[in-house]
Amino acid sequence: MTAFQTTHAFSGFSVDDIDAARTFYGETLGFEVSTNPMGFLDIRLPQGGSVLVYAKPNHTSASFTILNFPVDDVEAAVDDLNARGVVTKIYTDPDFGTDEKGIAHGGPDRGPDIAWFTDPAGNVLSVLAAG
């Protein structure tokens, strides 16, 4: 037996407004969200595991995708998110831009269809074609 163990590993990220995060992840996205004794949020993932969200006064939005949601139909997922008030990001990069709905269409050497959006703290999340 070793001292380092991976059985209860979890991920975490910061936000600038814990109440806005609770509303976004709990009400808008529909996760089970609880507040732990330290005042941090525990987001329960449906397949097991959790993500810790903590307030940080000098929070800087992550410059990378912090959470990915595999879906069967990216376009339908974007429509669903838009109906919930979530706006997808439009990228105009000539090598990897998105369409008017914010979807980057995949293909050979490009990966899956994917669309990005942000939480209230500016952290980037995505929906992407599963499997």
Side-chain angles (χ1 to χ4, degrees):
M1 184 172 203
T2 65
F4 173 77
Q5 297 182 14
T6 61
T7 52
H8 297 288
F10 62 92
S11 179
F13 58 86
S14 70
V15 297
D16 54 359
D17 182 336
I18 203 79
D19 292 326
R22 181 183 299 106
T23 300
F24 180 76
Y25 287 98
E27 295 176 19
T28 304
L29 297 186
F31 281 103
E32 178 185 329
V33 177
S34 61
T35 304
N36 73 19
M38 295 180 61
F40 300 156
L41 301 182
D42 286 317
I43 299 173
R44 286 281 184 217
L45 302 176
Q47 300 298 321
S50 65
V51 178
L52 178 75
V53 178
Y54 55 95
K56 184 177 175 189
N58 60 346
H59 166 77
T60 301
S61 304
S63 61
F64 51 88
T65 307
I66 62 162
L67 196 54
N68 297 283
F69 302 98
V71 296
D72 292 328
D73 183 337
V74 173
E75 188 157 340
V78 166
D79 290 342
D80 185 9
L81 287 167
N82 292 163
R84 297 174 191 212
V86 176
V87 178
T88 49
K89 294 181 68 66
I90 307 296
Y91 292 104
T92 57
D93 183 308
D95 295 323
F96 199 72
T98 61
D99 65 15
E100 66 283 348
K101 289 180 108 175
I103 300 170
H105 295 277
D109 300 321
R110 290 180 55 90
D113 289 356
I114 187 168
W116 294 274
F117 57 100
T118 59
D119 71 4
N123 294 313
V124 180
L125 300 92
S126 82
V127 289
L128 70 156

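Bear in mind that the values here come from a model prediction, so they are computed numbers and not experimental data. Below, all heavy atoms of this structure are taken into account, side chains as well, without hydrogens, waters or symmetry copies.
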(message) Between D99 and H105, does the side-chain contact (heavy atoms from CB on, under 4.5 Å) criterion hold? Intermediate values first, please.
(response) CA-CA 8 Å; D99 65 15; H105 295 277; 2.8 Å; yes
For this session: I would like to know whether F24 and D17 meet side-chain contact (heavy atoms from CB on, under 4.5 Å); could you show each step before the answer?
Result: CA-CA 11 Å; F24 180 76; D17 182 336; over 6 Å; no
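Under the 4.5 Å side-chain contact rule for hydrophobic residues, Y25 and W116 do not share a cluster. Residue L125 is grouped with residue I43 when hydrophobic side chains (ILVMFWY) are merged at heavy-atom distances under 4.5 angstrom, including chains of intermediate members. In the hydrophobic clustering of ILVMFWY residues, with side-chain heavy atoms under 4.5 Å counting as a link, F10 and M38 come out together.
Proximity of N36 to Y54: side-chain heavy atoms (C-beta onward) are nowhere separated by under 4.5 Å. Contact annotation: the side chain of F13 approaches that of V53 to within less than 4.5 Å [non-hydrogen atoms, C-beta and beyond]. With contacts defined as side-chain heavy-atom distances shorter than 4.5 Å, the pair L52/L41 does not qualify. A 4.5 Å side-chain heavy-atom check between V124 and T118 finds at least one atom pair inside the cut-off. No side-chain heavy atom of V78 sits under 4.5 Å from any side-chain heavy atom of F117. Between D79 and K101, some side-chain heavy-atom pair lies under the 4.5 Å cut-off.
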Would you give me the side-chain donor-acceptor pairs under 3.5 Å for residues 26-33, sequence neighbours excluded?
none

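Across L128, V127, V74, a single residue satisfies side-chain contact (heavy atoms from CB on, under 4.5 Å) together with F69, and that is V127.
Here the closest non-hydrogen pair linking G39 and I18 is O-CG1, 4.1 Å. Listed here is the closest heavy atom pair of A129 and P112: O-CB, 3.8 Å. Taking every heavy atom of both residues into account, P70 and A130 meet most closely at CB-CB, 3.9 Å. A pairwise comparison of heavy atoms in P120 and D16 identifies O-OD1, 4.5 Å as the closest pair. Residue A121 comes nearest to H59 through the heavy atom pair O-NE2, 3.1 Å, listed as atom of the first residue, atom of the second, then distance. What you find for G12 and V51 is that their closest heavy atoms are CA-CG1, 4.4 Å.
Of the possible donor and acceptor atoms, none in the side chain of N68 sits under 3.5 Å from a partner among the backbone N and O of S126. In this structure, the side chain of N123 engages the main chain of A62 through a donor-acceptor pair within 3.5 Å.
Here the OG-CG distance, from S50 to L45, works out to 6.5 Å after rounding to the nearest 0.5 Å. Atoms OG1 and CG, on T88 and L81 in that order, are 8.0 Å from each other to the nearest 0.5 Å. With rounding to the nearest 0.5 Å, the separation of CG in D113 from CG in D73 is 9.0 Å.
In the model, R22 has a side-chain atom that pairs as donor or acceptor with a side-chain atom of T35 under 3.5 Å.
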